[in-house]
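Before any comments, here is the structure.
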There are 2 protein chains.
Amino acid sequence: MRAAADPDVSKDLPDFDLARFLPYRVTVVGEHLSAGLARRYRAEFGISVAEWRVLVHLADAGTVSIRDLERRVHLEKSKASRAASRLAREGYVTKVPDLSDRRLVCLSLSDRGRSLMADLLPLAAAYQARLEAVVGNSLRDLEAALDRLMQEDL
Amino acid sequence: MRAAADPDVSKDLPDFDLARFLPYRVTVVGEHLSAGLARRYRAEFGISVAEWRVLVHLADAGTVSIRDLERRVHLEKSKASRAASRLAREGYVTKVPDLSDRRLVCLSLSDRGRSLMADLLPLAAAYQARLEAVVGNSLRDLEAALDRLMQEDL
DNA sequence: AGGAAATCGTTGCACTTGAGACGATGACAC
DNA sequence: GTGTCATCGTCTCAAGTGCAACGATTTCCT
């Protein structure tokens, strides 16, 4: 017979339900939501998610540096740098050195980029509206919960 | 003077707040939550997020195939295949052909893998408990909202 | 039985990613 | 000024990724 407490490896592991594990669950939903819109702007304009974030921030902040992107839209600096370079190469953004601090770059939308965003932003707004309809009247709670989770230092 | 309606590119773009855009927001929170725990098991055991998901599923399903992983824990099959291979190489899982259908592989935890999970699962359970405490009594609403967003075909 | 079609896991390929090193620039103390 | 330190953006390198193609198997249909 075996002892009741068995420290060796043949012992049963504690139950664990990945489907209820918040890091997993939130990540999967995030990928699902992002992919839904990204599929469209990737097929139509060849834009990646990182490039989309850069464009959105440019559309509402005007002129930004790589470091601003890093802090405001959660892109690591190498990722932000490469996304900005691609967008500049495609002609969607202009990239010039900042004259008052020549370590920085000034990124801003070109005419072509503004024209792109004139197409993209209404699409995204409609998508957001659709998601909010799905969530319904618990949107406030959802946002509050996400905020609290985000503030938590883990 | 300029006409009121101006179709050219110099027109202002619609306002758009990325910080309230659900795909962005949910994704960022998901990364934040995942990174909080992943940092620990990566530093301590050299395990990636994909490998973690494989291990968890093995811990509670016993024996699974690559295809099961693909469907149950949202890993593309090449990602699942490589994660399983790495874990097999490290000795955490055993990988043998399925005798009743030789297209499939049978993955299961080795003794070493079970021992690893005996350390990891309590850690994850504590982490989950901490997150649930942060969310508080709106946990039900949060889960329901995530479910509804997940079911939506986008 | 026998051939077409579907399924499974792996791999080759081109691309992306994260982490750190690096040169260039600026801020600060003395 | 001058030296030290911090900051910014890019680049390099190894590792990871998505996708499609592939061989091996099984299933289905007749």
Side-chain angles (χ1 to χ4, degrees), chain A residues 27-28 30-32 34-36 38-39 41-43 46-54 57-58 61 63-90 93-108, chain B residues 27-28 30-32 34-36 38-43 45-54 57-58 61 63-90 93-108:
Chain A
T27 297
V28 169
E31 288 172 0
H32 182 60
S34 284
R39 214 174 8 241
Y41 58 64
R42 194 183 66 203
I47 299 296
S48 73
V49 174
E51 287 157 6
W52 153 256
R53 288 193 197 171
V54 171
H57 192 48
L58 284 175
T63 288
V64 303
S65 66
I66 298 290
R67 164 178 144 272
D68 293 331
L69 290 172
E70 187 180 358
R71 296 180 181 169
R72 295 279 312 264
V73 299
H74 280 85
L75 288 177
E76 311 208 351
K77 68 176 180 178
S78 55
K79 211 168 171 178
S81 171
R82 291 192 254 239
S85 294
R86 277 190 294 260
L87 290 170
R89 190 182 338 126
E90 308 282 335
V93 316
T94 62
K95 179 163 72 169
V96 299
D98 184 322
L99 298 180
S100 70
D101 180 346
R102 289 187 319 199
R103 293 172 300 181
L104 281 61
V105 295
C106 283
L107 299 166
S108 51
Chain B
T27 296
V28 168
E31 288 170 1
H32 182 59
S34 284
R39 214 173 10 240
R40 301 174 62 177
Y41 58 63
R42 195 183 64 204
F45 304 102
I47 299 296
S48 73
V49 174
E51 287 156 5
W52 152 257
R53 288 192 197 172
V54 172
H57 192 46
L58 284 175
T63 287
V64 303
S65 66
I66 299 291
R67 161 179 147 271
D68 293 331
L69 290 172
E70 186 181 359
R71 297 179 181 171
R72 295 278 313 262
V73 299
H74 280 86
L75 287 177
E76 311 209 350
K77 66 176 181 176
S78 56
K79 211 169 171 178
S81 171
R82 291 191 251 241
S85 294
R86 279 189 294 260
L87 290 170
R89 192 184 335 128
E90 309 282 336
V93 315
T94 62
K95 180 163 70 169
V96 300
D98 184 322
L99 297 180
S100 71
D101 181 345
R102 290 187 320 203
R103 293 171 300 183
L104 305 178
V105 295
C106 283
L107 300 167
S108 50

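Just so we're on the same page: letters track the sequence lines, and every chain starts at 1.
The minimum heavy-atom distance between B/Val49 and B/Ala38, with the atom names listed, is CG2-CB, 3.9 Å. Contact detail for B/Leu69 and B/Ala80: the closest heavy-atom pair is CB-CB, 4.1 Å. Closest heavy-atom contact between B/Ser65 and B/Leu107: C-CD1, 4.5 Å. Residue A/Ile66 comes nearest to A/Ser81 through the heavy atom pair CD1-CA, 3.7 Å, listed as atom of the first residue, atom of the second, then distance. Closest of all the heavy-atom pairs between A/Ala84 and A/Val93 is O-CG2, 3.9 Å.
Protein atom NZ of A/Lys79 is 18 Å distant from nucleotide atom C1' of D/dC11, rounded to whole Å. Rounded to whole Å, the distance from CD1 on A/Ile66 to C1' on D/dT7 is 14 Å. Per the geometry, CD belonging to A/Glu70 stands 12 Å off P belonging to D/dT10, to the nearest Å. Atom CG in A/Asp68 sits about 13 Å away from atom C1' in D/dT7, given to the nearest Å. Between the CG atom of A/Leu69 and the C1' atom of D/dT10 there is a distance of 15 Å, given to the nearest Å. Rounded to an integer number of Å, the gap from B/Leu75 CG to D/dG16 C1' is 13 Å. Computed from coordinates, the A/Leu87 CG to D/dT10 P distance equals 12 Å when rounded to whole Å. Between the CD1 atom of B/Ile47 and the C1' atom of D/dG16 there is a distance of 15 Å, rounded to whole Å.
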Step-by-step side-chain contact (heavy atoms from CB on, under 4.5 Å) determination, B/Val96 to B/Val105
CA-CA 6 Å; B/Val96 300; B/Val105 295; over 6 Å; no
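Between D/dT10 and A/Ser81, a contact under 4.0 Å exists linking OP1 or OP2 to a side-chain N or O. Considering only side-chain N and O atoms, A/Lys95 lies under 4.0 angstrom from the phosphate OP1 or OP2 of D/dT10.
Counting any heavy atom pair closer than 4.0 Å across all strands shown, A/Arg39 reaches no nucleic acid atom.
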Under 3.5 Å, which N/O atoms of the protein pair with N/O atoms of nucleotides 25-28 of chain C?
from	atom 1	to	atom 2	distance (Å)
C/dG26	OP1	A/Arg102	N	3.0

Is there any protein nitrogen or oxygen under 3.5 Å from a nitrogen or oxygen in nucleotides 19-23 of chain C, and what are the pairs?
none

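Checking A/Ser85 against A/Lys95 by side-chain atom types alone, a donor-acceptor pair falls below 3.5 Å.
Side-chain contact between B/Arg86 and B/Glu51 is present, with heavy atoms from C-beta onward closer than 4.5 Å. At least one side-chain heavy atom of B/Arg53 sits under 4.5 Å from a side-chain heavy atom of B/Leu75. At a threshold of 4.5 Å between non-hydrogen side-chain atoms, the residues B/Ile47 and B/Leu87 count as touching. In this structure the side chain of B/Glu31 never reaches within 4.5 angstrom of the side chain of A/Thr27, judged on heavy atoms.
Between D/dC8, C/dG9, C/dG18, one nucleotide has an atom nearer to the side chain of A/Arg67 than all others, and that is D/dC8. For A/Ser65, whose side chain is taken as the heavy atoms from C-beta onward, the closest listed nucleotide among C/dG18, D/dG9, C/dG9 is D/dG9.
When the C1' atoms of four end pairs are superposed on the next four at each end of the helix from C/dA1-D/dT30 to C/dC30-D/dG1, using five pairs per end, the two resulting axes differ in direction by 30°, to 10°.
Rounded to the nearest 0.5 angstrom, A/Leu104 CG and A/Leu99 CG are separated by 11.0 Å.
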